[in-house]
Peer 1: 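Have a look at this one before I ask anything.
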Protein chains: 2
Amino acid sequence: MSPKSGDDGTVVSLSDGRTRPRGGGEGRRGEIVSAAADFFAEHGYHTVGMREIAEAVGIRGASLYNHFSSKEEIMYAIALRMTRELQDQHMPLLDAAGTPRERLANLIRAHILSLAEHQTEHLVSLREQTALTPEHLAEITDIRKYYQRRVRDVIAAGVAAGEFHAVNPHQAAVAVLDMMNGISWWLHDGEDVEALADTYTAYALDGVLQSGS
Amino acid sequence: MSPKSGDDGTVVSLSDGRTRPRGGGEGRRGEIVSAAADFFAEHGYHTVGMREIAEAVGIRGASLYNHFSSKEEIMYAIALRMTRELQDQHMPLLDAAGTPRERLANLIRAHILSLAEHQTEHLVSLREQTALTPEHLAEITDIRKYYQRRVRDVIAAGVAAGEFHAVNPHQAAVAVLDMMNGISWWLHDGEDVEALADTYTAYALDGVLQSGS
DNA sequence: GTCTATAATTGGATAGAC
DNA sequence: GTCTATCCAATTATAGAC
């Protein structure tokens, strides 16, 4: 087994010809999460059975319980991966040097690019929140709220610096995030994601945040 | 039974002190749909049992089948009520006299007001699409697409008239609709809906549609 | 870590009396 | 139209061998 691969040797080919183990490098667990996310996105959390998920990764239903203690734990892993990944990768962009406008532009671009890269997981973690236990939901919600607060703060900083006209940073942050997250519902393969990111950056920075409301 | 009421006499009090039968005036069926929508919004379609819905309207689970042939038919009624209502009530606003900008402003306001009035149904019909049969989903999707096309067309008309700067009416329509529909997820009682409609109208007309992308 | 077999429960839907 | 009683299928999760 020469190129580094998943536990069963499954690999995913990248655009430059190299390969990486399927499932985000977490081995079998990552494989399961990715397969489950695809099914959940297509058919919804509750219509998908453990047997289907298992079959997709080449094992039997019962064997899933060697990796996750319940179906909900798989869903939780999806939601956590998405929210944490967005937070860990994007918050540094808001902490970096630059004007508020520049920092927000970087975040919007990064947000849309990761959303496009993990579209199914993102859609599932937005749509299937009711599948989470109250404790897990609370944890996910906290992370989301923190992310939203940070966006609000950089908008407020931009308003203070005279770069934006919006008078209500909280409401503007919600509107911009809802507009971006909506992309998860309709983005299809073959779309020019870079152009999409440019367009939405303009919608936000030269649009919503200049509307003077 | 003096004021007009539901089959069981249940009434809803309006802001001016008058009452109307609960459930949108469709009698028992409307009552069931409203109760189901509340539960679906709170806990998700699949976590809610027929027995719970029945109990909420004061009957037994089996009796629901005198009004709906299946649980999915209840969900379908929710989705159809929301999509058709938006279409029937709002398309005339786009057909009326006035500039594209004025007509779109009227639609945005009406969209947000009905969304606030029927928030739970709206959230459910957006989020629980995977609960619908393929046939019903296709029907709902067609109505949604038509609505979106009409918004795109009025944007295109506004661009042609020099009222808007957006170069891609389709993408701008999607962004504006996603931004508005996002409201369903977080709107809470006591919010000033009129002010919200004003703000979002500005986000769209003076924001996204002036961003020049 | 995966398997077969099965437990345990849930939940949508039906039958037939009233 | 509503009830009680029940069926039946599906599905999460466990037990214990390999």
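Lettering follows sequence order; numbering is per chain, from 1. Just so it is clear, the values below take in all heavy atoms, side chains as well, and ignore hydrogens, waters and symmetry mates.
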Peer 1: Please state how far atom CZ in R60(A) lies from atom C1' in dG16(D), giving the value in whole angstrom units.
Peer 2: 17 Å
Peer 1: Would you verify whether the NZ or CZ of K71(B) falls within 45 degrees of the ring axis of Y76(B) while also being under 6.0 Å from that six-membered ring's centre?
Peer 2: no
Peer 1: Send over the distance from H43(A) NE2 to dT11(D) C1', rounded to a whole Å.
Peer 2: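 Distance check: H43(A) NE2 to dT11(D) C1' gives 17 Å.
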Peer 1: Give a yes or no on whether the ring-centroid distance for Y147(A) and H111(A) is below 6.0 angstrom.
Peer 2: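 Yes; H111(A) has its ring centre under 6.0 Å from that of Y147(A).
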Peer 1: Verify the contact: side-chain N or O of S63(A) to OP1 or OP2 of dC3(C), cut-off strictly under 4.0 Å; return yes or no.
Peer 2: yes
Peer 1: Return the value, rounded to whole Å, for the distance between atom CE of M75(A) and atom P of dT12(D).
Peer 2: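 That distance rounds to 15 Å.
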Peer 1: Quick check: on DNA chain C, is the nucleotide nearest G61(A) upstream (toward 5') of the one nearest R51(A), or the reverse? Name the residue that is more 5'.
Peer 2: G61(A)
Peer 1: Rounded to the nearest Å, what distance is computed from the CD1 atom of residue I53(B) to the P atom of nucleotide dG12(C)?
Peer 2: 8 Å
Peer 1: For E72(A) and dT11(D), give me the distance from atom CD to atom P, rounded to whole Å.
Peer 2: 19 Å
Peer 1: Quick one: which of dA13(C), dT12(D), dT4(C) gets closest to the side chain of K71(A)?
Peer 2: dT12(D)
Peer 1: Roughly how many Å is it from CG in L64(A) to C1' in dC3(C), rounded to a whole number?
Peer 2: 13 Å
Peer 1: Is a salt bridge present between E194(B) and R109(B), judged by a nitrogen-to-oxygen distance below 4.0 Å?
Peer 2: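 A salt bridge is present here (some side-chain N lies under 4.0 Å from a carboxylate O).
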Peer 1: Taking only the side-chain heavy atoms of Y65(A) (C-beta and beyond), determine which of dC3(D), dC3(C), dT12(D) contains the nearest atom.
Peer 2: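 For Y65(A), the side-chain atoms sit closest to dT12(D).
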Peer 1: Which pair of non-hydrogen atoms, one from F40(A) and one from M75(A), has the smallest distance, and what is that distance?
Peer 2: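 Result for this residue pair: CD1-SD, 4.2 Å.
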Peer 1: Please pick, from dG12(C), dT14(D), dA5(D), the nucleotide with the shortest atom-to-atom distance to any side-chain atom of A62(B).
Peer 2: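 Nearest nucleotide to the side chain: dA5(D).
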Peer 1: Grab the NE2-C1' distance between H46(A) and dG12(C) for me, whole Å please.
Peer 2: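 Answer to the nearest Å: 15 Å.
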Peer 1: Just how far, in rounded Å, is P of dA13(C) from CD1 of I59(B)?
Peer 2: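 Between P of dA13(C) and CD1 of I59(B): 15 Å.
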